[in-house]
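Just follow the structure's listing: the first ligand is 1, and inside any ligand the first atom is 1.
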Amino acid sequence: MAKILDGKVISAEIRAELTARVIGLRGQGVVPGLGVLLVGDDPASRSYVTAKERACKETGLYSREVKLPATATREEVLDVVQQFNSDNQIHGILVQLPLPDSSMEESVIEAIDPDKDVDGFHPMNVGRMMMGMPAFLPCTPHGILQILKHSGIETSGARVVVIGRSNIVGRPLSNLLSQKSELGNATVTMCHTRTKNMAELTRQADIVVVASGWPNTLTADMIKEGAVVVDVGMNRVKDDTKKRGYRLCGDVDFEPVAEKASAITPVPGGVGPMTITMLLANTVKSAVQHHGAE
Ligand code: GUN
């Protein structure tokens with residue numbers, strides 16, 4: 001049975017350090033602030049945003065939410081981004097994705113001040129990250145690297161398969177893991193919907209990261225004995241036995257895969273809390289950079 005890589009425990013350690021840091025910053029008159037924009041009322045996005053704001057409060061950060069209806073125009077969305085850009089109380093800007101009109105995502109991301117882009121989605125930060133230059137790292141990939149680091153899982157020389165090629169997870173994570181850096185040096189294969197014979201590739205992997213957005217993408221027959229499995233999925237599956245009518249599950253067929261793996265992240269309680277923790281860390285980092293504080 002696999003060791004459970006508990007994202008809540010690792011998050012709690014990092015958040016305790018951040019809380020102490022924020023107390024110090026507040027003593028210097030610096031309150032790290034996060035501006036959050038939620039467009040529309042997708043229930044999953046609503047719950048992510050609520051969790052991020054709660055984490056800000058618990059860690060001593062200031063957060064301000066702006067909500068726009070799903071019918072908001074590009075100009076209305078850009079106007080909120082510009083307000084956050086020019087607001088000295090706001091050091092980090094989070095526009096929750098996906099936007100109801102996905103055709104505006106690129107222009108909205110490009111409008112965010114790269115120095116406040118704590119999601120690490122702006123092309124400036126993506127480019128800097130890819131070149132190994134100082135940058136805001138995207139929160140989910142960064143959180144996954146921290147889980148591996150804190151769990152003593154060696155990436156150097158490891159064969160890693162990443163399933164999924166999104167701009168938010170698959171592509172940046174593949175890039176970071178392959179970099180010549182402390183948490184990199186892996187040999188990375190990125191798989192996607194057009195990959196042929198994916199199981200052949202995953203069975204060779206020491207580490208498999210699943211960010212496909214579909215339950216049961218990774219089944220036990222697809223991994224080798226003793227592989228490390230990181231599940232990025234967060235799917236709502238209808239379940240009438242639950243009060244809210246659904247249960248959360250990841251992208252991995254958890255029980256059978258956990259039987260065969262050496263370590264695995266659970267859903268919930270694995271990658272999710274780490275994503276939020278890295279957002280807090282990036283916002284604190286941005287506040288420090290903006291104020292030249294320590
Ligand atoms: N949607 C899914 N993940 C994320 C994330 O990390 N940041 C934002 N802004 N939207 C998301």
Side-chain angles (χ1 to χ4, degrees), residues 7 11 14 33-56 61 63-68 70 72 77-78 80-81 84-85 90-102 104-114 116-126 129 135-147 162 164-176 209-214 230-236 248 250-251 265 267-268 270-283 285-286:
S11 277
I14 301 174
L34 179 71
V36 178
L37 174 56
L38 176 62
V39 186
D41 39 31
D42 173 63
S45 289
R46 173 72 263 169
S47 78
Y48 293 145
V49 163
T50 302
K52 288 169 186 177
E53 288 167 344
R54 189 186 313 131
C56 280
L61 280 74
S63 74
R64 189 190 313 147
E65 178 181 317
V66 174
K67 234 174 109 12
L68 290 177
V77 175
L78 290 176
V80 175
V81 172
F84 284 152
N85 280 345
I90 299 296
H91 307 100
I93 299 172
L94 179 126
V95 179
Q96 185 64 30
L97 301 180
L99 292 174
D101 176 356
S102 60
M104 9 170 137
E105 281 180 8
E106 284 181 5
S107 57
V108 171
I109 289 169
E110 278 198 290
I112 296 171
D113 177 349
K116 295 189 178 184
D117 171 36
V118 288
D119 258 328
F121 291 167
H122 190 286
M124 177 84 87
N125 281 309
V126 177
M129 175 204 73
F136 287 117
L137 300 183
C139 302
T140 301
H142 194 195
I144 292 168
L145 296 185
Q146 292 299 320
I147 291 178
V162 176
R165 55 177 157 182
S166 71
N167 285 337
I168 296 182
V169 186
R171 282 198 279 170
L173 178 66
S174 299
N175 186 271
L176 287 167
V209 182
V210 196
S212 61
W214 290 102
V230 177
D231 189 348
V232 186
M234 185 58 80
N235 304 294
R236 291 182 173 202
L248 290 176
D251 294 346
T265 61
V267 176
V271 174
M274 292 299 290
T275 295
I276 299 178
T277 300
M278 293 304 116
L279 176 72
L280 300 172
N282 278 351
T283 306
K285 175 176 154 179
S286 180

Atom pair CD1 (Ile14) and OG1 (Thr277), whose distance is rounded to the nearest 0.5 Å: 6.0 Å
Pairwise distance CD1(Ile144) to CE(Met278) - rounded to 0.5 angstrom: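 If I round to the nearest 0.5 Å, the distance is 11.0 Å.
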Distance-only criterion, 3.5 Å: show the donor-acceptor pairs between side-chain atoms of residues 92-100 and protein atoms not counting sequence neighbours.
from, atom 1, to, atom 2, distance (Å)
Gln96, OE1, Lys52, NZ, 2.8

Asp117: which of Ile109, Val126, Asn125 passes side-chain contact (heavy atoms from CB on, under 4.5 Å): Asn125
Salt bridge Glu65-Arg46, side-chain N to carboxylate O under 4.0 Å: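 Looking at Arg46 together with Glu65, the answer is yes, because their closest N to O distance falls below 4.0 Å.
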Side chain Asp251, main chain Asp231, donor-acceptor under 3.5 Å: no
Near ligand 1, at a heavy-atom separation below 4.0 Å: residues by chain and residue number: Lys52, Leu94, Val95, Gln96, Leu97, Asp119, Phe121
